[in-house]
Every structure is written in C-alpha cells, then in structure tokens.
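Just below is one structure, and these are the notes that go with it.
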Amino acid sequence: YNNKIKENIKYIKKEEKKVYNDENSKSFIYNLLKDLFTYLQSKRDELNDLDKKVGDGDIGTGLYHAMTKILSDLKYLNLEEDFKGSIKKIGEDIGAAFGGTSGPLYMSFLLRASDFLEKKFSDNKIENFLKALKYGTEMIGKVGKAEKGDRTMLDYLINMNELFENVQNVNDLKKVFNENDKKLLDDIKKLKCKRGRSSYLDGKEVGLDEPGCVLVSTWLSYIINKI
C-alpha cells in the first residue's frame, strides 16, 4: 500500500507543470501580458453595455472568461524562450473560453500571427509584430468570411494595418496609432452592418459603437502605449 502511494506521488510530480514566472518576475513580456489580460477583464461590463445596443450583450462576458483562462495558464508559458509557442497557446485558450464567434476568430488570428514571430521573444523586431498583425488579420477575414466595409472588427484591423505600412520604429507606431484610433472608431460607427452581430438591425446600429472594434482598439492601444 505504501509503495502504491509513493508511485502515485512520483506520477503527480511528473505531471506538475513547470512555472516560468511568478508575481516577482522581471520578464517584460510576462508582466505586459499579465497586466493587459487583467485590464481586459475590467472591461467586461463596459463592453457588454455596448454590445447590448447592437448585439447579444455578452462580448464582455466572453472576454472575461477568456482572460481568466489565459491568466491561469500564463505562469506556465515560457514566454521568453518560446514566445511563438506561447502565443499559439494563448490563442487556443481564447478559442476554448471566449465563446460565440469571437473565440474561433481570435484563435485563428493568433495561430496565424505566430507564424511570423521568432521563437525567442528577444529576437523579434517591429517588423515581426507588424507582419503578425497583418497576416493574422487576413486569417480573420478568411475564417469569418468578412471583408472591409462589413462593420466587423476587420474594419478596424484592416484600416490600421494600412496605416502601419510605412512605420519604421516604435515612436512612429505610437504616433500613427494615437492619431488615427478615435477617427477609425468614429468612421466605423457610420457603417451599416452587413455581417456579424448587428446584421439583423437593418441600419439601427448606424451611429453606435461596434463592440468588436472597440475591443480591438482597447487591446492594441494598451500594447502600443506600453512598449
């Protein structure tokens, strides 16, 4: 009986996940993502309120569940040495936990984006991240069968990608983003929805915020202004 207990303990130890970061971690990327996902959790009610006007009213709840899942896994991800693999894992967590169509779309976005990232975080340059954003955006269009002008998060992402085409450094990136973020969101409000959450409203959504675009703006703004 004692031998069986010892064998079980050995098995449990083998199954224990390796912790790469904790609350005292000095890793820039770990702390950036931890703070980002915690910040996004706090947007649950605000996003739900926007979504109630044009959709099912649950985008914030889905986001909250996804961020909770990621935060529970984050310390086990080797973000510094296997950044590419970690982004894929984050994408899988979102796909499993977000719900609705947003989960699969964000998962597709991150899985495709990871193809343009170097394995080690420190080996990535601004070009890697811009390509990841561009081709991840393209994958959302393919999976969601949406395009520019449909009033989905693609309207924000495609337009912002176009604005980023001549960006050479982080300062350029911040300048371009902060000069165009609000204007993009305001322009998207004017569109009639052809696909997605508001397509049944027959124009009543015009003039209101598109929650998917507001969410993209929120996480992109956080990242760009923290780097």
Seminar exercise, completed: The reported gap from OG in Ser102 to CG in Asp58 (rounded to nearest 0.5 angstrom) is 8.0 Å
Exercise. Measuring from Lys174:NZ to Ile227:CD1, what's the distance to the nearest 0.5 Å?
Worked result: 6.0 Å
Problem set entry | Heavy-atom closest pair, residues Ala146 and Thr152 | CB-OG1, 4.2 Å
For this session: Please report the shortest heavy-atom distance between Arg151 and Ile188, naming the atom on each side.
Result: NH1-O, 3.3 Å
Exercise. Considering residues, nucleotides and ligands other than Lys131, do more than 12 of their heavy atoms fall under 6.0 Å from its NZ?
Worked result: no
For this session: Could you give me the CA-CA distance, side-chain angles and deciding distance for Asn128 and Asp123, then say whether side chain to side chain donor-acceptor pair (under 3.5 Å) is met?
Result: CA-CA 9 Å; Asn128 295 95; Asp123 288 340; over 6 Å; no
Problem set entry | Hphob cluster co-occupancy, Trp219 + Met107, side-chain heavy atoms under 4.5 angstrom | no
Problem set entry | side chain to side chain contact (heavy atoms under 4.5 Å, CB included) between Met160 and Val216, intermediate numbers included | CA-CA 10 Å; Met160 193 59 82; Val216 175; over 6 Å; no
Below 3.5 Å, can you tabulate the donor-acceptor pairs from side chains in residues 28-35 to any protein atom, sequence neighbours excluded?
residue : atom : partner : partner atom : Å
Asn31   : ND2  : Ser25   : O            : 3.0
Asn31   : ND2  : Ser27   : O            : 2.9

Exercise. Do Ile90 and Asp73 have side-chain heavy atoms sitting under 4.5 Å apart?
Worked result: no
Exercise. Do Glu118 side-chain atoms and Lys120 backbone N/O form a donor-acceptor pair below 3.5 Å?
Worked result: no
Problem set entry | Student check: side-chain heavy atoms of Val214 and Lys43 closer than 4.5 Å | no
Exercise. In terms of hydrophobic clusters joined by side-chain contacts under 4.5 Å, are Ile223 and Ile87 together?
Worked result: yes
For this session: Determine the interplanar angle of the Phe116 and Tyr135 rings, folded into 0 to 90°, and report it as parallel if under 30°, tilted if 30 to 60°, perpendicular if over 60°.
Result: parallel
Exercise. What's the verdict on side chain to side chain contact (heavy atoms under 4.5 Å, CB included) for Asn78 and Lys18, showing C-alpha distance, side-chain angles and the deciding distance?
Worked result: CA-CA 9 Å; Asn78 192 356; Lys18 182 175 180 180; over 6 Å; no
Exercise. Can you list the steps and then say if Phe164 with Phe177 is a side chain to side chain contact (heavy atoms under 4.5 Å, CB included)?
Worked result: CA-CA 8 Å; Phe164 286 162; Phe177 177 83; 4.2 Å; yes
Exercise. Any side-chain heavy atom of Val54 sitting closer than 4.5 Å to one from Asp209?
Worked result: no
Exercise. Residues two or more places apart in sequence or in another chain: which of them pass side chain to side chain donor-acceptor pair (under 3.5 Å) with Thr68?
Worked result: Gln41
For this session: Following the transitive rule for hydrophobic clusters with a side-chain heavy-atom cut-off under 4.5 Å over Ile, Leu, Val, Met, Phe, Trp and Tyr, establish whether Met139 and Tyr156 coincide in one cluster.
Result: yes
Exercise. Is a side-chain donor or acceptor of Asp155 paired with a backbone partner of Gly149 at a separation under 3.5 angstrom?
Worked result: yes
Exercise. Do Glu127 and Leu130 come close enough that some side-chain heavy atom pair is under 4.5 Å?
Worked result: no
Exercise. Can you tell me how far CG of Leu36 sits from OG of Ser221, rounded to the nearest 0.5 angstrom?
Worked result: 10.5 Å
Seminar exercise, completed: Between Leu77 and Ser86, the two heavy atoms sitting closest are CB-OG, 3.7 Å
Exercise. Between Phe98 and Tyr106, what is the ring plane arrangement, given parallel below 30°, perpendicular above 60°, and tilted in between?
Worked result: parallel
Seminar exercise, completed: Separation between CG (Asn21) and NZ (Lys75), nearest 0.5 Å, reads 10.5 Å
Problem set entry | Heavy-atom pair with the smallest gap, counting every atom of Ser72 and Lys69 | OG-O, 2.6 Å
For this session: Please assess Lys175 against Asp172 for the test salt bridge (Lys or Arg N to Asp or Glu O under 4.0 Å), listing each intermediate value before the final yes or no.
Result: CA-CA 5 Å; Lys175 185 173 187 292; Asp172 285 350; over 6 Å; no
Exercise. Per the side chain to side chain contact (heavy atoms under 4.5 Å, CB included) rule, which among Asn180, Leu154, Leu184 passes with Asn159?
Worked result: Leu184
Problem set entry | Backbone of Glu147 reached by a side-chain donor or acceptor of Asp150 within 3.5 Å | yes
Exercise. Taking side chain as C-beta onward, heavy atoms only, is Phe129 less than 4.5 Å from Asn124?
Worked result: yes
Exercise. Is there a path from Met153 to Val206 through hydrophobic residues (I, L, V, M, F, W, Y) whose side chains come within less than 4.5 Å of each other?
Worked result: no
For this session: Drop me the distance from Asp93's CG to Ile70's CD1, to the nearest 0.5 angstrom.
Result: 5.5 Å
Problem set entry | All pairs passing salt bridge (Lys or Arg N to Asp or Glu O under 4.0 Å) where residues 216-227 contributes a residue, at least two apart | none
Exercise. Are Phe121 and Phe37 connected in a single hydrophobic cluster, I mean Ile/Leu/Val/Met/Phe/Trp/Tyr linked by side-chain heavy atoms less than 4.5 Å apart?
Worked result: yes
Seminar exercise, completed: Note: Lys84 and Ser114 closest approach over all heavy atoms is NZ-O, 2.8 Å
For this session: For atom CG of Asn169, decide whether the heavy atoms of other residues, nucleotides or ligands shown that lie under 6.0 angstrom number more than 12.
Result: yes
Exercise. Is a side-chain N or O of Asp51 found less than 3.5 angstrom from the main chain of Ile59, in a donor-acceptor match?
Worked result: yes
Problem set entry | Main-chain N/O of Lys134 paired to Asn161 side chain as donor or acceptor, under 3.5 Å | yes
Exercise. So how far is it from Thr61 OG1 to Asn48 CG, rounded to the nearest 0.5 Å?
Worked result: 3.5 Å
Exercise. Do the non-hydrogen side-chain atoms of Leu157 and Leu133 ever get within less than 4.5 Å of each other?
Worked result: yes
Exercise. Is any NZ, NE, NH1 or NH2 atom of the basic residue among Lys183 and Asp186 found under 4.0 Å from an Asp or Glu carboxylate oxygen of the other?
Worked result: no
Problem set entry | Heavy-atom closest contact (Ser217 atom, Leu185 atom, distance) | OG-CD1, 3.7 Å
Exercise. How far apart are the C-alpha atoms of Phe83 and Leu117, what are their side-chain angles, what is the distance that settles it, and do they pass the side chain to side chain contact (heavy atoms under 4.5 Å, CB included) test?
Worked result: CA-CA 8 Å; Phe83 183 60; Leu117 300 174; 3.7 Å; yes
Exercise. Would a 4.5 Å heavy-atom cut-off, applied to side chains only, mark Arg44 and Leu63 as touching?
Worked result: no
